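Take a look at the structure set out below.
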There are 4 protein chains.
Amino acid sequence: MKTPNPARRSEQSRRAILSAAFDLVAESGYAKLTIEAIAARAGVGKQTIYRWWPSKGAVFIDAFLSKTSDEEGSVALPDTGDLGADLRLTLRAVVDEYNDPGLDTMTRALTIESLGDPAINAEITTRLLEPHLEATRERLRSAQRAGQVAEDADLSVAVELLYGPIYHRWMLRTAPLTHEYADTVVGFALRALKAA
Amino acid sequence: MKTPNPARRSEQSRRAILSAAFDLVAESGYAKLTIEAIAARAGVGKQTIYRWWPSKGAVFIDAFLSKTSDEEGSVALPDTGDLGADLRLTLRAVVDEYNDPGLDTMTRALTIESLGDPAINAEITTRLLEPHLEATRERLRSAQRAGQVAEDADLSVAVELLYGPIYHRWMLRTAPLTHEYADTVVGFALRALKAA
Amino acid sequence: MKTPNPARRSEQSRRAILSAAFDLVAESGYAKLTIEAIAARAGVGKQTIYRWWPSKGAVFIDAFLSKTSDEEGSVALPDTGDLGADLRLTLRAVVDEYNDPGLDTMTRALTIESLGDPAINAEITTRLLEPHLEATRERLRSAQRAGQVAEDADLSVAVELLYGPIYHRWMLRTAPLTHEYADTVVGFALRALKAA
Amino acid sequence: MKTPNPARRSEQSRRAILSAAFDLVAESGYAKLTIEAIAARAGVGKQTIYRWWPSKGAVFIDAFLSKTSDEEGSVALPDTGDLGADLRLTLRAVVDEYNDPGLDTMTRALTIESLGDPAINAEITTRLLEPHLEATRERLRSAQRAGQVAEDADLSVAVELLYGPIYHRWMLRTAPLTHEYADTVVGFALRALKAA
DNA sequence: CTATAACCGAGACGGTACGTCGGGTCTTTTA
DNA sequence: TAAAAGACCCGACGTACCGTCTCGGTTATAG
């Protein structure tokens with residue numbers, strides 16, 4: 001087993017590969033993504049891909065993450081003091097993201113990869129999902145301090161009360177995801193969480 | 001376009017194909033499932049598969065459904081009058097199913113197929129998911145009549161309040177699925193839904 | 001190891017493959033011959049080649065043999081009674097063949113294959129070379145009966161006395177192959193073989 | 001086009017490369033020889049090989065020649081006055097060389113290279129073959145002076161009368177190469193060449 | 001009670017993509 | 001500034017499956 005020397009890695013090729021992978025998925029969907037197509041589009045030898053990534057899934061995840069890492073960091077929820085308003089704003093934004101055809105394609109591709117490999121799942125969860133959940137938890141903690149949320153409420157479950165229904169509806173396509181739906185979910189959650 | 005005559009279809013081959021598909025997924029995972037392997041294992045010509053199914057995903061779904069169709073029908077929730085107890089019982093059972101390694105593998109395979117093709121998604125949703133959701137809705141309706149649930153509560157959202165968090169946690173593997181978790185979810189849901 | 005069923009073999013593909021292989025060698029030389037190019041030129045899947053031949057060398061030999069098998073059979077030497085004249089005619093013809101650029105390319109390609117694999121060497125020797133040697137031996141036997149060749153002469157060596165020098169000069173390119181050269185070789189051979 | 005400065009060439013690397021090339025052919029045959037393997041075995045960068053040799057064939061030829069150049073020079077045939085005895089001795093030695101498995105492998109490898117490239121062929125012929133032919137011609141010239149060989153005999157052809165049959169039999173593997181065979185060839189040649 | 005059409009097992013076919021090997025070039029670091 | 005190291009682009013390798021297409025052979029209605 002040869003372990004290549006990262007110091008000699010071509011930054012230009014790396015970028016071209018990630019770009020190509022991302023664009024190809026956007027154009028034709030993840031199911032039709034092939035290593036050969038990535039290499040061809042990137043103007044790169046296949047070996048250069050195999051040298052640095054174990055699978056096309058890994059390439060795509062890197063591609064996705066490097067596209068989104070720019071906006072990372074600013075995941076804090078608004079905190080106006082009005083918990084309901086803040087959550088409605090947040091969940092409406094989430095709904096909008098799920099409804100964006102481009103993001104929808106990408107997220108479903110990511111999900112397929114996650115399903116097949118727990119390691120990839122952990123990677124994605126840690127880097128993409130967890131920050132958002134933590135930000136939401138933080139907002140709820142703030143509300144807890146303000147006495148708007150029961151002191152003994154399990155906030156890890158609370159965030160799932162908010163995102164779970166939306167995720168369920170998006171994944172299983174049981175019904176359209178609308179702003180009204182987001183509002184309804186927030187309404188239920190507030191009643192479930194509010195101090196007695 | 002040839003439309004084969006279902007009357008002449010070999011029941012023996014059909015069964016062998018579904019059996020082979022199911023077993024192969026159980027043994028090596030859905031990602032490694034191939035039409036050729038199914039045909040070989042079933043002692044069947046490839047054409048016989050292509051004649052009756054449009055894709056390997058369709059074969060697998062049929063295989064899965066025919067395995068589970070035996071227990072179908074009895075999807076009604078218990079109705080003891082104690083809504084909380086009935087829901088806890090139900091959600092604990094759901095959690096147990098998700099924790100079963102065999103079912104976990106199969107359900108994730110099914111999910112991969114759903115993600116790639118909305119038609120398959122619809123099929124699965126209609127045949128597997130919807131009956132359970134409807135049964136749950138029916139139990140909530142009964143509770144509504146008994147005044148335990150607010151009259152104006154949207155029951156379609158209500159069921160997602162119950163199943164969404166569990167689904168979210170199972171899919172994204174953010175934390176273990178336990179009976180306590182099921183109980184907590186039910187607790188939140190009851191508070192959210194109860195009549196004012 | 002799967003042994004394919006020759007009864008189902010596509011005669012059309014077989015011919016297209018042999019034709020393509022032959023033409024490609026004629027155009028670009030044996031060193032540049034690839035299985036992929038043969039498949040592409042023949043309009044055939046690579047697997048169809050790998051199914052029926054173990055290597056590109058084997059394909060090429062088949063191609064060469066099928067091109068030349070038409071004229072096979074008529075390998076008898078002339079027998080006018082004048083041994084010298086008959087041999088001169090024959091060796092001049094051999095020299096002409098070696099001097100033909102197309103045949104030269106093909107024969108050198110064949111030789112490269114022979115050198116690498118004794119099995120291929122045996123195949124080529126038996127099917128192409130041996131008939132000519134035998135025909136020559138037969139002519140010498142006739143001359144022996146006519147008292148023009150020593151009774152105790154070893155005819156197997158005698159034919160090598162005729163073809164060996166020409167082959168040596170062709171292979172090693174030490175000097176041009178001419179009709180005069182052929183005549184000189186025949187002259188020496190006649191003196192070596194003639195009855196005492 | 002870079003022309004490297006031979007003065008700065010590393011003699012140690014040169015020797016390691018030739019040694020590696022020679023040994024690799026001895027171990028696995030010429031067909032499996034690769035530049036990468038030579039470089040790895042020699043502990044040398046690939047570029048060092050490409051800098052000084054145009055192809056793997058050139059490397060191998062150099063390797064072969066440097067192995068055999070030690071014994072070069074002493075290519076004169078014995079001249080005891082008995083032409084037959086001297087030639088028999090010489091051709092028996094040639095036969096022994098051809099029968100040596102190590103030399104056989106090397107010589108066939110050399111021949112493959114020669115076939116593909118006339119320039120290499122010329123190089124090999126000039127450096128390895130021609131000296132032997134000339135030595136043999138010289139011995140025949142001596143015999144000519146002694147009246148044992150016809151004055152008008154073409155000695156260039158005469159040597160091919162000796163080596164041609166042996167080369168033919170070795171290359172085409174039509175029959176085993178033995179001392180008796182060498183003697184028979186010499187016998188025929190003497191009759192062909194002797195003064196009238 | 002055939003005969004004739006369909007499904008069936010088998011598997012060859014033209015293809016696409018795989019993951020690997022090696023070719024020859026180029027760049028970085030060391031001596 | 002040659003050499004070692006090795007990443008790079010590229011082309012071909014031989015394999016796995018794809019989905020289509022014949023092949024007999026074996027039912028199972030329809031004349």
Side-chain angles (χ1 to χ4, degrees), chain A residues 2-10 12-13 32-40 42-52 54-56, chain B residues 2 4-10 12-14 16 32-40 42-52 54-56, chain C residues 2-10 12-14 16 32-40 42-52 54-56, chain D residues 2 4-10 12-14 16 32-40 42-52 54-56:
Chain A
K2 280 248 202 63
T3 341
N5 179 354
R8 294 188 176 273
R9 182 169 189 178
S10 158
Q12 185 182 322
S13 292
K32 286 185 186 165
L33 184 66
T34 67
I35 296 271
E36 300 222 317
I38 297 171
V44 138
K46 281 199 287 176
Q47 199 57 51
T48 301
I49 299 180
Y50 285 112
R51 195 164 11 241
W52 302 109
S55 68
K56 71 169 184 172
Chain B
K2 279 251 205 63
N5 178 355
R8 287 182 166 255
R9 181 168 189 180
S10 159
Q12 185 183 322
S13 292
R14 200 191 122 264
K32 288 184 184 163
L33 185 66
T34 66
I35 296 272
E36 299 221 319
I38 297 171
V44 138
K46 283 201 286 177
Q47 198 55 50
T48 302
I49 298 180
Y50 284 110
R51 194 164 12 240
W52 303 109
S55 68
K56 71 166 183 173
Chain C
K2 283 251 202 61
T3 340
N5 180 353
R8 293 187 176 273
R9 181 167 189 179
S10 158
Q12 185 183 321
S13 293
R14 200 190 121 264
K32 289 185 186 165
L33 184 66
T34 66
I35 297 270
E36 300 221 319
I38 298 172
V44 140
K46 281 201 287 178
Q47 200 56 51
T48 301
I49 299 179
Y50 285 111
R51 185 150 37 226
W52 302 110
S55 67
K56 71 168 183 173
Chain D
K2 281 250 205 61
N5 178 353
R8 293 195 161 247
R9 181 169 190 179
S10 157
Q12 184 183 322
S13 292
R14 199 191 122 263
K32 288 184 186 166
L33 185 66
T34 67
I35 297 270
E36 301 222 318
I38 297 172
V44 137
K46 281 202 287 178
Q47 197 56 48
T48 302
I49 299 179
Y50 284 112
R51 191 158 19 235
W52 301 110
S55 69
K56 72 167 183 173

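Just so you know, these numbers come straight off a predicted model, no measurement behind them. A note on names: the letters A, B, ... follow the listed sequences, proteins ahead of strands, and every chain is numbered from 1.
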Kindly say if [X] contacts the phosphate of [N], meaning a side-chain N or O under 4.0 Å from OP1 or OP2.
X	N	result
Trp52(B)	dA6(E)	no
Thr34(B)	dA16(F)	no
Arg9(D)	dA2(F)	no
Ser13(B)	dC7(E)	no
Ser10(A)	dA7(F)	no

Q. So how far is it from Ile49(B) CD1 to Glu36(B) CD, rounded to the nearest 0.5 Å?
A.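 Going from CD1 on Ile49(B) over to CD on Glu36(B), the span is 9.5 Å.
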Using atom [atom1] of [X] as one end and atom [atom2] of [N] as the other, report the distance to the nearest whole Å.
X	N	atom1	atom2	result
Ile35(D)	dG6(F)	CD1	P	18 Å
Ile49(B)	dC17(F)	CD1	P	13 Å
Lys56(D)	dG24(E)	NZ	P	9 Å
Lys32(B)	dC18(E)	NZ	C1'	15 Å
Arg51(C)	dA10(E)	CZ	C1'	13 Å
Arg14(C)	dA12(E)	CZ	P	17 Å
Gln47(A)	dC26(E)	CD	C1'	17 Å

(Q) Do Trp52(B) and Arg9(B) have side chains that approach each other closer than 4.5 Å (heavy atoms only, starting at C-beta)? (A)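 The answer is yes, as the side chains (C-beta and beyond) meet within the 4.5 Å cut-off.
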Q: Compare all side-chain heavy atoms of Arg51(C) with those of Thr48(C) and state whether any distance is below 4.5 angstrom.
A: yes
If you only use heavy atoms from C-beta on, which nucleotide in [options] is closest to the side chain of [X]?
X	options	answer
Lys46(C)	dA6(E), dT15(F), dG6(F)	dT15(F)
Val44(A)	dC18(F), dG24(E), dC9(F)	dC9(F)
Arg8(B)	dT27(F), dG9(E), dT28(E)	dT27(F)
Glu36(A)	dC21(F), dG14(E), dA17(E)	dA17(E)
Tyr50(C)	dC13(F), dA12(E), dA3(F)	dC13(F)

Q.
I want to confirm an ordering. Mapping Leu33(A) and Ala42(C) to their closest nucleotides on DNA chain E, which one lands closer to the 5' end?
A.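 Looking at DNA chain E, the more 5' nearest nucleotide goes with Ala42(C).
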Q.
Taking the nucleotide of DNA chain F with the nearest heavy atom to each, does Ala7(B) or Gly43(D) sit closer to the 5' end?
A.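 Closer to the 5' end of DNA chain F: Gly43(D).
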Q | 5' precedence on DNA chain F between Asn5(A) and Ala37(B) (nearest-nucleotide basis) | A |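 So the residue in question is Asn5(A).
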**Q.** Shortest non-hydrogen separation from Ala39(D) to Gly45(D) and the atoms involved
**A.** CB-C, 4.3 Å
Q. For Lys56(C) and Leu33(C), which heavy atoms make the closest approach, and how far apart are they?
A.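 Here Lys56(C) and Leu33(C) meet closest at NZ-O, 3.0 Å.
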